[in-house]
2 protein chains.
Amino acid sequence: MNANRPGLRELKKRRTRTAISEAAIELFLDHGFNQVSVARVAEAAEVSKRTLFAYFPAKEDLVVHRLADHETELARVVRARPSGTDPLTAVRDNFLRGLRERDPFTGLNDHPQTLRLLRMILDAPQLVARMERFKAGAERALTEALRDTADAPELTARLAAVQIVAVHWALADDNARRLAHGESADARREGAAADAEHAFALLENGLRTIGSTGQGHRSTTR
Amino acid sequence: MNANRPGLRELKKRRTRTAISEAAIELFLDHGFNQVSVARVAEAAEVSKRTLFAYFPAKEDLVVHRLADHETELARVVRARPSGTDPLTAVRDNFLRGLRERDPFTGLNDHPQTLRLLRMILDAPQLVARMERFKAGAERALTEALRDTADAPELTARLAAVQIVAVHWALADDNARRLAHGESADARREGAAADAEHAFALLENGLRTIGSTGQGHRSTTR
DNA sequence: GAATATTTCTGCACCTGGTATACATTTGCC
DNA sequence: GGCAAATGTATACCAGGTGCAGAAATATTC
């Protein structure tokens, strides 16, 4: 009954939506997120401000709606894992594959366009904050995936989820910031993989090894 | 030269600041965060809107400035731990102590005033988002503490920090939401302690045990 | 294919958070 | 008491976002 077949109405809606989004991103990339008002975006997209807000509930959504898929990515990976594989392995393998393929969600993609977008986001605190909210969504989705497929009780699932998401995010964030500061993806490649291995090993084996003062794997003598 | 001795100026400043904050919190508690404009707060505090913003850079700060100390609490606990104790143990012990003492940062404080504040925050998405940013600050501070006191390399410190903060937060959040939904702190007490033990054990031992399909501690047979 | 119902778009007025400017007041200090 | 620096105020303004009433476009029914 709803959007089964395109239909002229649906078609125009989709067209308008992408028009607004593209106009917005172009302006934001050129002048910076905070330097462009939504009124100007609306004008560029030849739409009224009111209509713009009908499509995108807030200014930040003009940017982040593109990344919305990634919110549930981890959950999907966990759900789709081959049986017999534990969730953590599935996530790790997926991340390493992402690194090899320069998947943007690993932070290791330095195509100029991706890089510009990244810098634009990092320059706008509101956008960074909005990205943070993605973490919460990812945590929720992953919690459910773990609860459903790993036979873990609610709390365990949730705790595992927040840990995995936090580490995953930290890795991607680290890569992204390095690239944004000029490092090349090729140069970063090996380091990123090693870091990821290290990170997932830590996640798997726990923080037991993290230093009681003067007792770590490489202790200071004080 | 600056705030060494109170001095009339400093004194008035502090007085104004608390006056604004108290007026704000009272109004927010009574009518809800989003139902009260900053103009109304300024009026109630007998200050101009501009002055209000001189003291609190954003509306949310009128509420969250009180919680600002907790941002570095984990880092402080880690830094202040007795030598020979590993950071994770220090954090766990501190959390368990917090539970016993109903320290609000564990989420297990149901004094009516705390509860009202909590509900008010949970009802205002902007405030929740603002709290999220505390996590980022806590992560940064804890990263440094671990780097400095646990002889961990930067990345390891960061990874451990984000895991610890995530779990810590999840525990507190869980407690807080239960209380906000009517559970009593006394009733929640034991469960909270058990959950915390479980959570820190997981953190310590890693996610190795979390279910490859059909292989967990309590496997489903599908 | 015309009439009608429904959805979408628009223009406008309006609210709120936050800032710039220019001026008045207070405080610290001599 | 008098002067410089710091604070406070009033006012006007900007930008994000919403409510509303009606115009325009699309879907539907006969």
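Just so it is clear: chains get the letters A, B, ... in the order the sequence lines come, proteins before strands, and each one is counted from 1. For clarity, every value in this text was computed on a predicted model and none was experimentally measured.
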At less than 4.0 Å, is any side-chain N or O atom of Y55(A) found next to OP1 or OP2 of dT8(C)? Yes or no.
no
To the nearest Å, how far apart are L62(A) CG and dA15(D) P?
16 Å
Taking only side-chain N and O atoms of K12(A), does any of them lie within less than 4.0 angstrom of OP1 or OP2 on dT26(D)?
yes
Nearest to the side chain of A58(B) - dT16(C), dT7(D), dG18(C)?
dG18(C)
Nearest whole angstrom, please: distance from the C1' of dG18(C) to the CD of Q126(A).
12 Å
Could you check how far CZ of R14(B) sits from P of dT7(D), rounded to whole Å?
13 Å
Side chains of N94(B) and R97(B): donor-acceptor distance under 3.5 Å anywhere?
yes
Expected list for residues 40-53 of chain B near DNA chain C, using heavy atoms below 4.0 Å, is K49(B), R50(B), F53(B)
Give a yes or no on this: more than 12 heavy atoms of other residues, nucleotides or ligands lie within 6.0 Å of atom CD of E46(A).
no
With sequence neighbours left out, the residues meeting side chain to side chain contact (heavy atoms under 4.5 Å, CB included) with Q126(B) are F33(B), N34(B), E60(B)
With distance as the sole criterion, is a donor-acceptor pair present between the side chains of T89(A) and R81(A) under 3.5 Å?
no
Tell me if the centroids of the rings in H65(B) and F56(B) come within less than 6.0 Å of each other.
yes
Once you round it to whole Å, what is the distance between P of dT16(C) and CD of E60(B)?
16 Å
Please assess H168(B) against F95(B) for the test ring-ring contact (aromatic ring centres under 6.0 Å, His included), listing each intermediate value before the final yes or no.
CA-CA 8 Å; H168(B) 201 276; F95(B) 191 81; 4.9 Å; yes
Rounded off to whole Å, could you give me the NZ-to-P distance for the K13(A) and dA27(D) pair?
11 Å
Classify A54(A) by what it touches in the nucleic acid, base, sugar-phosphate, or nothing, heavy-atom distance under 4.0 Å.
nothing
